[in-house]
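Structure first, then comments.
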Amino acid sequence: MNALERLLRAPANRALVLLGGFTAFSVFGYWNFALHPERLPGAGWALDLFTVSFQFFAQLHIVLAALVLGVVLVRQLGWRWWPALVAVYCISLFSELIGTRYGVPFGEYQYTGLLGFKWAGRVPFLVPLSWFLMAFPSWVMARAAAGEGASRLARLALGASWLLVWDSALDPAMSYLTPYWRWEDSGPYYGMPWVNLGGWFVTGLALMATLDLLSERGDWASVPVRWMASYYAVVLALPLGMVVAGGLWIAALATVSSLGLVAALSIAVRRRPAVQELTVRAVEPNPVGVR
């Protein structure tokens, strides 16, 4: 049995490969047809099929990503993760409802109808779910990096930073290249105002704190960190692939740079307890007669 066959034996890995395949297919379809509609076949059915596919591909990606994550969480945690889903969904929905109504904390924006049915006619049902899909792996990666040596605030900030990396590609892909939402006050980052970054970080801190609190009431230690990191990368690959295909090189560079920065911070935070322990041992007085 080769390495690939051993890898695909696990249902979680097969589900992740399926999500990766759908992501690659979506990015290819966007690059080949959305950016070059002249490549569509001349038949009317081709245009109709593309129109329907374009409208629903983001919705399908969220649903498929939710199913894939659900497979792993059910296998590892049973149903103990449901309170986390409900809590993150409600908090992010509240933030989005306030944001679309008052422009706080993200700035003034409105969702179009491309993401499906909406809460109160403003926030699509799938949007708070997408927050959970990236908030949970962000929290898992931050917890694994910080461990017990770092402060809780550092752990929460690290998780919120992982979430912020996602938005550096998501906003240009979904509001500049495609009209899934529109900014009412145009900003310098492909139409996005800078205040949106602050709103994402603050909301991310709230979500990380919620997950941190709920984790203390349940045993989440069995959640696979490497799989979660791979899942995060696959979900991020959709907007990142779109900005690369669309030639938004500043967005691509910002995403890759911020990804590398947060990864470096994670490594630094993870090594810090060991360094502190070595320092303490170095200055510890040597008992008489002990060499």
In one Ile/Leu/Val/Met/Phe/Trp/Tyr side-chain cluster, 4.5 Å: Ile250, Val243: yes
CA sep, side-chain torsions, deciding dist, call: Val68, Leu18, side chain to side chain contact (heavy atoms under 4.5 Å, CB included): CA-CA 9 Å; Val68 169; Leu18 175 64; 5.5 Å; no
Donor-acceptor contact below 3.5 Å, side chain Gln110 vs main chain Thr100: yes
Aromatic plane relationship, Phe132 with Trp81 - under 30° parallel, 30 to 60° tilted, over 60° perpendicular: parallel
Ser161 OG to Leu259 CG distance, which is reported to the nearest 0.5 Å: 12.0 Å
Minimum side-chain heavy-atom gap Ser258-Leu164 below 4.5 Å: no
Atom CG of Leu60: over 12 foreign heavy atoms under 6.0 Å: yes
Minimal non-hydrogen separation, Ala66 against Leu133, with atom names: CA-CD2, 3.6 Å
4.5 Å side-chain heavy-atom contact, Val88 and Leu129: no
Validation row: Pro172, Leu177 side chains within 4.5 angstrom (heavy atoms): no
Residue pair Trp139 / Arg143, side-chain heavy-atom distance below 4.5 Å: yes
Heavy-atom pair of closest approach, residues Ser95 and Pro105: O-CD, 4.0 Å
Hphob cluster co-occupancy, Leu85 + Leu213, side-chain heavy atoms under 4.5 angstrom: no
Hydrophobic cluster membership, Val225 vs Leu265, 4.5 Å side-chain cutoff: yes
CA sep, side-chain torsions, deciding dist, call: Leu114, Phe56, side chain to side chain contact (heavy atoms under 4.5 Å, CB included): CA-CA 7 Å; Leu114 291 178; Phe56 290 107; over 6 Å; no
Euclidean distance, Ser138 OG relative to Leu211 CG, rounded to 0.5 Å: 9.5 Å
Pair Arg101 + Glu184, salt bridge at N-O below 4.0 Å: no
Approximate separation, where rounding is to 0.5 Å, of Met242 CE and Met174 CE: 4.5 Å
Residues Gln59 and Tyr180: side-chain donor-acceptor under 3.5 angstrom: no
Steps toward ring-ring contact (aromatic ring centres under 6.0 Å, His included) verdict (Trp220, Phe136): CA-CA 11 Å; Trp220 292 2; Phe136 195 89; 5.5 Å; yes
Student check: side-chain heavy atoms of Leu205 and Trp200 closer than 4.5 Å: no
Polar contact flag, side-chain donor to acceptor under 3.5 angstrom, Asn196-Trp183: no
Pairwise distance CD(Glu96) to OG1(Thr203) - rounded to 0.5 angstrom: 8.0 Å
Backbone of Val72 reached by a side-chain donor or acceptor of Arg75 within 3.5 Å: no
Ser222 side-chain N/O to Gln76 backbone N/O, donor-acceptor pair under 3.5 Å: yes
Closest heavy-atom pair and its distance - Ala252, Leu240: CA-CD1, 4.2 Å
Trp227 side chain to Ala12 backbone, donor-acceptor under 3.5 Å: yes
Interatomic spacing from CZ in Arg14 to CG in Leu19 - rounded to 0.5 Å: 15.0 Å
Linked, directly or transitively: Leu197 and Phe201 (ILVMFWY side chains, under 4.5 Å): yes
Working for side chain to side chain contact (heavy atoms under 4.5 Å, CB included), residues Val223 and Val140: CA-CA 8 Å; Val223 176; Val140 170; 3.9 Å; yes
Polar side-chain atom of Tyr89 near backbone of Val127 as donor-acceptor pair, under 3.5 Å: no
Min side-chain heavy-atom separation Ser266-Trp162 under 4.5 Å: yes
Nearest non-hydrogen partners of Ala135 and Met208, listed with the distance: O-CE, 3.4 Å
Derivation and outcome, side-chain hydrogen bond (donor to acceptor under 3.5 Å, both in side chains), residues Thr23 and His61: CA-CA 7 Å; Thr23 299; His61 191 266; 3.0 Å; yes
Check: Trp131 ring centre within less than 6.0 Å of Trp166 ring centre: no
Aromatic contact, Tyr109 with Trp181 (centres under 6.0 Å): no
Heavy-atom donor-acceptor pair, Thr178 side chain to Ala173 backbone, under 3.5 Å: yes
Tyr176 atom OH: more than 12 heavy-atom contacts under 6.0 Å: no
Shared hydrophobic cluster for Leu214 and Leu156 (ILVMFWY, side-chain gaps under 4.5 Å): yes
Worked check of side-chain hydrogen bond (donor to acceptor under 3.5 Å, both in side chains) between Glu108 and Tyr102: CA-CA 7 Å; Glu108 296 186 1; Tyr102 301 106; over 6 Å; no
Rounded distance (nearest 0.5 Å) linking atom CG of Leu69 with atom CG of Leu16: 10.5 Å
Verdict with supporting geometry, Leu207 and Leu163, side chain to side chain contact (heavy atoms under 4.5 Å, CB included): CA-CA 10 Å; Leu207 298 182; Leu163 201 58; 4.2 Å; yes
Considering all heavy atoms, the nearest Ser26-Leu238 contact: CB-CD1, 3.9 Å
Tyr190 side chain near Leu248 side chain, heavy-atom distance below 4.5 Å: yes
Donor-acceptor contact present, side-chain Ser215 to main-chain Asp212, <3.5 Å: yes
Heavy-atom closest contact (Ala65 atom, Tyr231 atom, distance): O-OH, 2.9 Å
Short side-chain to backbone donor-acceptor contact, Ser168 and Ala254, under 3.5 Å: no
